[in-house]
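Reckoned from all heavy atoms, side chains included, excluding hydrogens, waters and symmetry mates. Every chain is numbered from 1, with letters handed out A, B, ... down the list of sequences.
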Protein chains: 2
Amino acid sequence: MNVRISIDDIAKIAGVSRGTVSRAFNERSDINAKTREKVLRISKKLNYFPNPSARGLAKGRSECIGIVVPDLKNPFLPEMVSSIGKSAEKYGMSSLLSITDNNIMMQEKILVKMSSGQVDGLLITPCESPESIAMLNTMNSKLPIISLKHFERLQCSSVMFDDMLGAKLIIEHLAELGHKKIAFLSPTSPEWSIKQRLVACNDALQSFNIGYRKHYKLQNSGSSHNLWEEIKELVFSGAEKNPPTAIFAYDDIIALHALKAAESCGLKVPDDISIAGFDNISFSEMAGVPLTTVAVNSERLGETAIDLLMRILKSANRHEEIHHIMLKPELIVRKSTSSPVIK
Amino acid sequence: MNVRISIDDIAKIAGVSRGTVSRAFNERSDINAKTREKVLRISKKLNYFPNPSARGLAKGRSECIGIVVPDLKNPFLPEMVSSIGKSAEKYGMSSLLSITDNNIMMQEKILVKMSSGQVDGLLITPCESPESIAMLNTMNSKLPIISLKHFERLQCSSVMFDDMLGAKLIIEHLAELGHKKIAFLSPTSPEWSIKQRLVACNDALQSFNIGYRKHYKLQNSGSSHNLWEEIKELVFSGAEKNPPTAIFAYDDIIALHALKAAESCGLKVPDDISIAGFDNISFSEMAGVPLTTVAVNSERLGETAIDLLMRILKSANRHEEIHHIMLKPELIVRKSTSSPVIK
DNA sequence: GCATCTCGTCCGCTCGGGTTC
DNA sequence: GGAACCCGAGCGGACGAGATG
């Protein structure tokens, strides 16, 4: 019943030695095409596949890549994970997924385990703490690591979307529509990408000679259920004396909440206020008012990251290579932005 | 630089034998607490963790569970995957994720590899084909498999939400609101769960003496971008002579598209038409009109599935055990349903 | 000499019998 | 006679030197 079939069984049935079966599965040249075919045919019939643990031990690599993310709440992340997984599969690599919940201890535990030979390389959306960055810098000499965000002082390769360019595209779009009062709406947390987008915002506003600078900071984290109520309070309450005519939200989730907040106050989007997001998650297209946003092709992100990782893994002097790849985002104009209505 | 530290290094530094280091990492009793602590302290300092491949080979198990899903598009799936991953982590198990894209060949390839010792157990949302089911039935004798859906003739354990009860709750809710014309809106595919919900629908309608039976079948698959346009055509076009006053959508995604379709035709939800979904994905709460739906707690699903898998793995006669666990869903009434307005 | 195959060693660890105090 | 530890075999496969034709 539970007999696990091994390389010896296949060898015996095929009438060859263990080594030959091994060669059949390892794309080595010193094996007759007919023999290989025969071995593979028999293996397939018996659902045999070389034991990955034994293989990993003998080869010194696991043929497995690690994916470490804080959560899968923002739809952008599952899209990315899915694309990473499928790209890895193309190289014959399996994917080990771990969720850190943004907990540094958890991340550390996972990284130690993964770097002990469980995976050959690592794609990570890291926690943003000095300890976390220090640890990644250390690990990177043992294990190729690709960060899916970038931070100051992070010394490993990264693949990410160009935050600054994305923000610039949005601000330019809004400014060109004639908006003079554009606010940025983001979580409070000191995330690198928030900082980047804010800087790009201000730069762009300056280049349009717009002096209005408002940065609304949300207390609740990104996926909180009543985020829109907080936004309502923060942005659309009567307390705001000089309200913006356009809002650039840090991401689509926040933009969608802003949309709901505006509508719940009787405001029409985009007539009364324009709203733009970032990420182009699938729901942004089918919101009540389809969202203007910046598209970051998560498919391409995953593919690029895996391609880079595989290139690094094949490279002899992998430790000297650090690549930073910035993917260009694209402006997607939908219905949630328009010229401000003069009243 | 790239020196991989091994059990022997730790043993040497700690002044003990390899076996003792091993015992420290394996919760075995025959080791002095002080010795264990010392070994673990040294290991931690050097970021040492026993090589999982070597461990897997020696132990005959990988301490890894496999998660196989068609995709991560419907937000329900990432939620489930995330919860599975975190629950597995609690047992010290890593999670190997694979995306099949609903491709049977891909699923087969993945299953063969995983069952070759890559994972100790498997959670899967399987492709619905006879070959797929046959393969799972075969594999189940080699590897504990838990299906996250149930089908006829599937002979392995399953953990899932009670489709029929969920559908019943929705129909009862709508009927009690006074609806007499309730339509079911689902994809065309012959999925088991669609069939289940349809049957439960009809049963419930019958028990309320409602003769109106309309089943709208969508051609596009669940996550298509212009699904709402298809719904508009199918349900809200003038062609429909006897339109329903309430729609029960197969899942929240479809319900949200239906919402958009209705609104794009100038219909008010719920005044002109009630709409209900299934799954309670996070967006259903913050849609323009918050969605009445059936909540299936994905956290609990993941946890239950892993608990069951671990129980099976520990059980001596695992091959004789087949468990089917049905989780009870819960009705969530929001704003998208109300009594029909008499005109 | 070349294509193809066999054989023995080793990968890093776990496990349990044997040993020590 | 335990508690705590050492030691050697073996897990399944990769690999390369040597054998065979």
Check your understanding: Counting only heavy atoms not in B:Lys59, do more than 12 sit closer than 6.0 Å to its NZ atom?
Key -> yes
Check your understanding: Atom OG of B:Ser132 and atom CD of B:Glu108: how far apart are they, to the nearest 0.5 Å?
Key -> 9.5 Å
Review point. What pair of heavy atoms forms the shortest contact from A:Phe151 to A:Ser147, and how long is it?
Key: CE1-OG, 4.3 Å
For nucleotides 10-12 of chain D, tabulate all protein N/O to nucleotide N/O atom pairs closer than 3.5 Å, reporting atom names and distance.
residue : atom : partner : partner atom : Å
D:dC11  : O2   : B:Ala58 : N            : 3.3
D:dG12  : N2   : A:Ala54 : O            : 3.3

Check your understanding: NA contact type, A:Val21, heavy-atom cut-off 4.0 Å: base, sugar-phosphate, or nothing?
Key -> nothing
Point to revise | Geometric cation-pi criterion, A:Arg55 with A:Phe49: 6.0 Å, 45° | key: yes
Point to revise | Identified side chain to side chain contact (heavy atoms under 4.5 Å, CB included) counterpart of B:Leu122 within the set B:Ile67, B:Leu111, B:Leu96, B:Ile110 | key: B:Leu111
Exercise for review: Quickly work out the A:Arg23 CZ to C:dT6 C1' distance and round it to whole Å.
Suggested key: 8 Å
Check your understanding: Just how far, in rounded Å, is C1' of D:dA14 from CD of A:Glu27?
Key -> 14 Å
Review point. Between atom CD1 in A:Ile31 and atom P in D:dT20, what is the gap in whole Å?
Key: 20 Å
Review point. In whole angstrom, what separates B:Arg61's CZ from C:dC13's P?
Key: 16 Å
Review point. Between A:Gly19 and B:Ser17, who's closer to the 5' end of DNA chain D by nearest nucleotide?
Key: B:Ser17
Review point. A:Lys34 has an atom NZ; how far is it from atom C1' of C:dT4, in whole Å?
Key: 14 Å
Point to revise | Nearest-angstrom distance from the residue atom CD of A:Gln118 to P of C:dC13 | key: 14 Å
Practice item. Drop me the distance from B:Leu46's CG to B:Ile5's CD1, to the nearest 0.5 angstrom. Key: 4.0 Å
Exercise for review: Just call it for B:Gly60: base, sugar-phosphate, or nothing, with non-hydrogen atoms closer than 4.0 Å on any strand.
Suggested key: nothing
Check your understanding: Starting at NZ of A:Lys38 and ending at P of C:dT4, how long is that distance when rounded to a whole Å?
Key -> 16 Å
Check your understanding: What nucleic acid atoms does A:Asn32 come within less than 4.0 Å of, heavy atoms only: base, sugar-phosphate, or nothing?
Key -> sugar-phosphate
Practice item. Looking at every strand, decide which applies to B:Thr20 at a 4.0 Å heavy-atom threshold: base, sugar-phosphate, or nothing. Key: sugar-phosphate
Exercise for review: Rounded to the nearest angstrom, tell me the gap between atom CG in B:Asp9 and atom C1' in C:dC13.
Suggested key: 13 Å
Practice item. Would you check if A:Glu128 and A:Pro190 make a side-chain contact, meaning some heavy-atom pair closer than 4.5 Å? Key: no
